[in-house]
Amino acid sequence: MGLREFFLWQLEHEAAASRKVIERVPEGRNNWKPHARSMELGSLAALVASMPGWVEVMVNHRELDLRDPDDDGLKTKPANTRAELCQMLSEGLAKSRKALEDTTEEHLTKMWRFRRNGQVVSEGPRYAMISDEAMSNLAHHRGQLTVYLGLLESKAPAVYGSSSGEAY
């Protein structure tokens, strides 16, 4: 299995797991957060829904500056309903799937850079950045979202095995 095939498989797997979680996000609670320093529920849910689309940006652009007002690549858009979150996830997944299908193994070994306010935050071969900055980061934020669901007394879905909310 090559890098493209691996990332296509992982993207589908992670998007399916994310869909299970965002389908449980309670509507009308976007401003809720468990602590003053925590991200609001609506922002976190939108982040999880949009992250599968990050792969497209990482494949099709040489770098991204998160604070560049002209670069809209990874900025999270607000959503008010689960349907909007699911649509956001589907659109990002489709773009990333196409980007991976259209790229080459060689392209995935080329360098990619992540900046904030012009400063390099991280850089490395695209395949490493996709693995770390997109896939691992998605799992982290999706895990945060399942904690929020538990605190809101919603049942967290089984993602990688059983959960206290449901068995697999």
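Please read all numbers here as calculations on a predicted model, not as lab measurements.
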All side chain to side chain donor-acceptor pair (under 3.5 Å) counterparts of [X], not counting sequence neighbours:
| X | answer |
| --- | --- |
| Q144 | H141 |
| E133 | S122 |
| S96 | none |

So, the side chain of [X] versus the backbone of [Y]: is there a donor-acceptor pair under 3.5 Å, distance only?
| X | Y | answer |
| --- | --- | --- |
| E14 | A139 | no |
| N30 | A79 | yes |
| T109 | E106 | yes |
| R142 | V48 | no |
| S131 | Y127 | no |
| K33 | A36 | yes |

Do you know the tightest heavy-atom contact between [X] and [Y]?
| X | Y | value |
| --- | --- | --- |
| H107 | T103 | CD2-OG1, 3.0 Å |
| A15 | L89 | O-CD1, 3.9 Å |
| V120 | R115 | CG2-NH1, 3.8 Å |
| L149 | A156 | CD1-CA, 4.5 Å |
| M135 | V55 | CE-CG2, 3.9 Å |
| S50 | T76 | OG-OG1, 3.8 Å |

Quick one: are [X] and [Y] in side-chain contact, heavy atoms under 4.5 Å?
| X | Y | value |
| --- | --- | --- |
| S18 | L145 | no |
| P125 | K110 | no |
| L64 | M58 | no |

I'd like to check the ring pair (Phe, Tyr, Trp, His ring centres under 6.0 Å) partners of H13; sequence neighbours left out, ordered by chain and number. W9
Working to the nearest 0.5 angstrom, can you tell me the gap between [X] [atom1] and [Y] [atom2]?
| X | Y | atom1 | atom2 | result |
| --- | --- | --- | --- | --- |
| R24 | K155 | CZ | NZ | 8.0 Å |
| W112 | E63 | CH2 | CD | 8.5 Å |
| L85 | L47 | CG | CG | 11.0 Å |

Sequence-distant partners of [X], side-chain contact (heavy atoms from CB on, under 4.5 Å), two or more places apart:
| X | value |
| --- | --- |
| E12 | L93, R97 |
| L152 | P26, R29, W32, L41, S154 |
| E105 | L3, R4, E5 |
| S136 | D132 |

Which is it for F7 and V59 under the side chain to side chain contact (heavy atoms under 4.5 Å, CB included) test, yes or no, and what are the steps along the way? CA-CA 11 Å; F7 284 125; V59 169; over 6 Å; no
May I ask whether M111 and V57 are part of the same hydrophobic cluster, defined by side-chain heavy atoms of I, L, V, M, F, W, Y residues being less than 4.5 angstrom apart, directly or through others?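 M111 and V57: separate clusters.
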Joint cluster assignment, M129 & V121, ILVMFWY side-chain distance < 4.5 Å: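 Cluster IDs for M129 and V121 match.
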Does any pair with a residue in residues 120-129 pass salt bridge (charged side-chain N to carboxylate O under 4.0 Å, His left out), and if so which ones, sequence neighbours excluded? R113-E123
Which pairs pass salt bridge (charged side-chain N to carboxylate O under 4.0 Å, His left out) with one or both residues in residues 83-95, sequence neighbours excluded? none
My understanding is that only residues two or more places apart in sequence, or in another chain, count here; which of them pass salt bridge (charged side-chain N to carboxylate O under 4.0 Å, His left out) with R19? none
Taking salt bridge (charged side-chain N to carboxylate O under 4.0 Å, His left out) as the definition, give me every residue that meets it alongside K98, ordered by chain and number, with sequence neighbours left out. D102
Apply side chain to side chain contact (heavy atoms under 4.5 Å, CB included) to residues M88 and I22 and explain how you reach the verdict. CA-CA 11 Å; M88 189 182 302; I22 63 174; over 6 Å; no
